[in-house]
Amino acid sequence: MADTITLEVARYRPEQEDEPTTQCYEIPMRREWTVLDGLNHVKDRLDGTLSFRWSCRMGICGSCGMTIDGDPVLACETFLTDHHPGPVRVEPLRNFPVIRDLVVELTDFMAKLPHVMPWLVADEPPPDTEYLQKPAEVDEYQQYSMCINCMLCYAACPVYGLERDFLGPALIALAQRYNLDSRDHGDHDRLEILSAPEGIWDCTFVGECSRACPKGVDPAGAIQRYKLEAAKRTVRSLLLPRGRR
Amino acid sequence: MTGYTGLYQRLYRPRVPILWWVRRRSYLLFVLRELSSVFVAWSVVYTLLLVHAVTAGERSYRGFLAWSARPQVLAVNVVALLFVLFHAVTWFALASRAVVVRVRGRRVPGVWIVAANYALWAVASAIVAWVVLR
Amino acid sequence: MTVVRRPVEPLLWLAFSAGGVLAALLVPALLLLFGVAFPLGWLPAPGYPHLDAVVRHPLVRLVLFALCVLALFHAAHRLRYTVRDGLQLRRLSGLIDASCYGAALAGSAAAGYLLLAAG
Ligand code: SF4
Ligand code: FES
């Protein structure tokens with residue numbers, strides 16, 4: 001194994017350039033290093049001006065999403081050995097405006113987040129004691145609660161790239177996480193926003209979000225399940241007399 | 001330097017290239033999967049032409065058979081068959097993720113749903129073949 | 001229960017899905033037989049009297065009619081999205097939708113005439 005590897009990093013410094021450029025860094029090739037370790041080596045030893053986000057180094061915080069050799073991945077879970085002999089191309093996440101170098105702007109997601117009401121909506125005040133659930137009830141939504149908001153699914157989704165107003169994979173999966181929770185009663189309220197054209201109906205089931213997701217959330221599956229649910233409700237509301245809906 | 005203050009953000013907004021779906025293999029496969037619908041539509045037209053020919057009498061049925069053996073028509077149909085098969089395979093794989101089937105309160109795993117789809121496909125094809133060839 | 005305010009999308013999606021299922025189940029066999037196997041002589045084409053009787057059978061007609069209509073709406077739905085996203089024509093989506101579903105409606109009318117009214 002060669003003892004160095006090249007990182008080809010996309011740089012965008014708004015104070016000096018209008019378009020991103022590429023800068024190459026030669027870093028030591030270590031078996032146990034991830035791309036994030038490589039970037040930190042660059043930042044500490046070679047070029048302190050390089051900007052990127054990270055925190056936990058263990059796939060929990062969701063802040064180190066980048067495009068590495070064309071794929072949306074977490075830099076802290078992508079090993080240099082898997083990209084050997086390189087060069088390894090490191091770019092910011094696709095489909096988001098770039099603030100600087102590898103740092104992207106996520107306001108769009110944050111602004112949409114409250115619309116899907118990602119909290120327990122209850123008709124009555126919750127009990128004073130613990131809100132008990134059976135394991136089977138937890139299983140219903142647990143998969144959808146694993147999301148770490150890393151935005152890899154948005155970077156993978158061509159529809160989001162084309163349509164800014166699309167709610168997008170993680171948000172719909174998040175809405176499902178609450179819809180499927182036995183303690184929640186917010187599903188009618190969420191139906192309105194989810195079944196708008198910019199909700200589930202914009203999705204064409206490309207399925208890339210689920211492939212990109214590092215947490216096995218399967219947003220694409222959540223969206224298709226919800227399409228079926230919304231369609232069932234529509235049919236029911238058209239067929240049944242008012243009172244029985 | 002742009003702007004009058006150093007705090008002013010100048011975002012770089014990448015544009016999606018027109019041919020975004022040739023950039024990744026998975027996007028290309030997706031677009032091919034969607035384009036299978038053109039061949040599904042063609043198959044419907046072809047079936048209706050056949051029905052029309054049969055209802056019009058024996059002579060026009062013979063005419064349809066002769067037409068369907070022309071190389072151009074045959075070529076279209078071979079391509080259409082490949083696309084329709086692609087549609088069937090991808091459809092069965094994806095359907096298992098949209099549908100949640102429960103047996104005695106337990107969610108049936110996706111592979112079972114896919115297997116059931118294939119079984120149904122085999123039965124449906126056998127019925128078609130039996131009706132036509134009997 | 002809340003009423004879905006724009007009920008068209010879900011209904012079109014249901015037609016798309018039903019059409020997808022029917023097309024996946026029936027079209028490969030039909031196309032393999034009539035589009036490839038008979039023309040290439042892999043199998044002898046069915047005789048006229050038999051096929052005529054098959055096509056006249058009401059159940060066959062009903063299944064074929066359902067297949068044609070739903071498969072056409074399936075195709076229209078998919079094509080609409082593919083043209084809109086694949087060619088980045090969101091501005092024209094009204095026109096695209098109208099042409100795709102319009103063509104599906106026209107095809108369904110033709111299928112209805114051939115399978116339900118004529119002969
Ligand atoms: S659904 Fe998966 S890919 Fe999308 S933000 Fe959540 S963890 Fe990341
Ligand atoms: S640094 Fe936290 S997920 Fe990668």
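Residue numbering restarts at 1 for every chain, and letters A, B, ... go by the order of the sequence lines. Values in this document were obtained by computation on a predicted structure and should not be read as measured data.
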Where on [X] is there a heavy atom nearer than 4.5 Å to chain C: the side chain, the backbone, both, or neither?
| X | result |
| --- | --- |
| B/Leu48 | both |
| B/Val54 | both |
| B/Leu65 | side chain |
| B/Trp91 | side chain |
| B/Val16 | both |
| B/Pro71 | neither |
| B/Arg62 | side chain |

Do B/Arg134 and B/Trp130 form a cation-pi contact, if we require the NZ or CZ to be under 6.0 Å from the six-membered ring centre and within 45 degrees of the ring's axis?
yes
For the ring pair B/Phe39 and B/Trp42, is the centre-to-centre distance below 6.0 Å?
no
Kindly say whether the aromatic ring centers of B/Phe92 and B/Trp121 come within a distance under 6.0 Å.
yes
Which answer fits [X], side chain, backbone, both or neither, if we ask what part of it has an atom under 4.5 Å from a heavy atom of chain B?
| X | result |
| --- | --- |
| C/Phe16 | both |
| C/Phe34 | both |
| C/Val21 | both |
| C/Val54 | side chain |
| C/Leu25 | both |

Could you tell me whether C/Arg84 and C/Asp97 make a salt bridge, using a distance below 4.0 angstrom between a side-chain N and a carboxylate O?
no
Quick check on the interface: out of C/Gly47, C/Ala23, C/Pro39, C/Gly107, who has the most heavy-atom pairs with chain B under 4.5 Å?
C/Pro39
Sort out for me which of C/Cys68, C/Ala29, C/Gly20 touches chain B most, counting heavy-atom pairs under 4.5 Å.
C/Gly20
Residue, of B/Leu19, B/Leu85, B/Val40, that accumulates the most heavy atom pairs under 4.5 Å with chain C
B/Val40
Can you label the angle between the B/Trp67 ring and the B/Phe64 ring as parallel, tilted or perpendicular, going by 30° and 60°?
tilted
